[in-house]
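Please read the structure below before turning to the comments.
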Amino acid sequence: MKRQLFKIFFSGLLMLTLSLVSTEAYSQCAMCRATVESNVGTGKTDSDSQVGAGLNTGILYLMLIPYVLIGTVGFLWYKSNKMKKAKVA
């Protein structure tokens with residue numbers, strides 16, 4: 001059973017790592033997009049890529065936090081139920 005739990009944990013960790021290593025993410029809110037477009041309109045080249053990359057990274061971090069919290073609660077709940085069943089049996 002420990003081996004099966006390890007496989008599940010390792011698979012989840014691998015998927016999380018691969019999702020964080022993605023090359024680019026193009027999802028932006030309307031205000032973030034307006035900020036990037038206004039910087040493009042001014043003609044700045046180096047700061048455009050920095051602002052866009054920073055906004056995309058911030059969006060990815062904000063998206064990741066709820067998944068980590070829900071996954072942690074789910075794992076602790078699973079572990080708690082497993083320990084209760086072991087005590088009863």
Side-chain angles (χ1 to χ4, degrees):
M1 191 65 169
K2 283 186 178 182
R3 187 175 185 97
Q4 200 173 30
L5 184 62
F6 177 76
K7 285 181 181 179
I8 292 170
F9 176 74
F10 184 75
S11 298
L13 187 63
L14 181 65
M15 285 191 299
L16 178 66
T17 303
L18 290 176
S19 67
L20 291 176
V21 180
S22 66
T23 55
E24 294 184 35
Y26 292 106
S27 59
Q28 294 180 348
C29 66
M31 292 183 69
C32 299
R33 184 178 178 127
T35 302
V36 172
E37 286 176 355
S38 70
N39 283 341
V40 170
T42 61
K44 298 178 183 177
T45 56
D46 291 338
S47 65
D48 292 339
S49 61
Q50 291 176 353
V51 170
L55 288 172
N56 281 336
T57 303
I59 290 168
L60 290 175
Y61 283 133
L62 288 173
M63 179 189 72
L64 179 69
I65 291 170
Y67 289 109
V68 170
L69 291 175
I70 290 171
T72 303
V73 170
F75 177 74
L76 293 175
W77 184 22
Y78 168 77
K79 191 128 174 132
S80 173
N81 284 342
K82 186 177 176 184
M83 292 176 105
K84 285 180 185 178
K85 287 181 181 179
K87 287 182 182 178
V88 171

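Keep in mind that the numbers below use all heavy atoms, side chains included, and drop hydrogens, waters and symmetry copies. For this chain, numbers begin at 1 and follow the sequence in order.
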- Checking side chain to side chain contact (heavy atoms under 4.5 Å, CB included) for the pair L60/M63: CA distance, chi angles, key distance, verdict? CA-CA 5 Å; L60 290 175; M63 179 189 72; 3.9 Å; yes

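Here Y61 contributes atom OH and I65 contributes atom CD1; the two are 10.0 Å apart, rounded to the nearest 0.5 Å.
Taking the six-membered ring where tryptophan is involved, the planes of Y78 and F75 are tilted, since the angle between them lies from 30° to 60°.
Within 6.0 Å of NZ on K79 lie no more than 12 heavy atoms contributed by other residues, nucleotides or ligands.
The only option from L69, I70, L76 that meets the side-chain contact (heavy atoms from CB on, under 4.5 Å) definition with T72 turns out to be L76.
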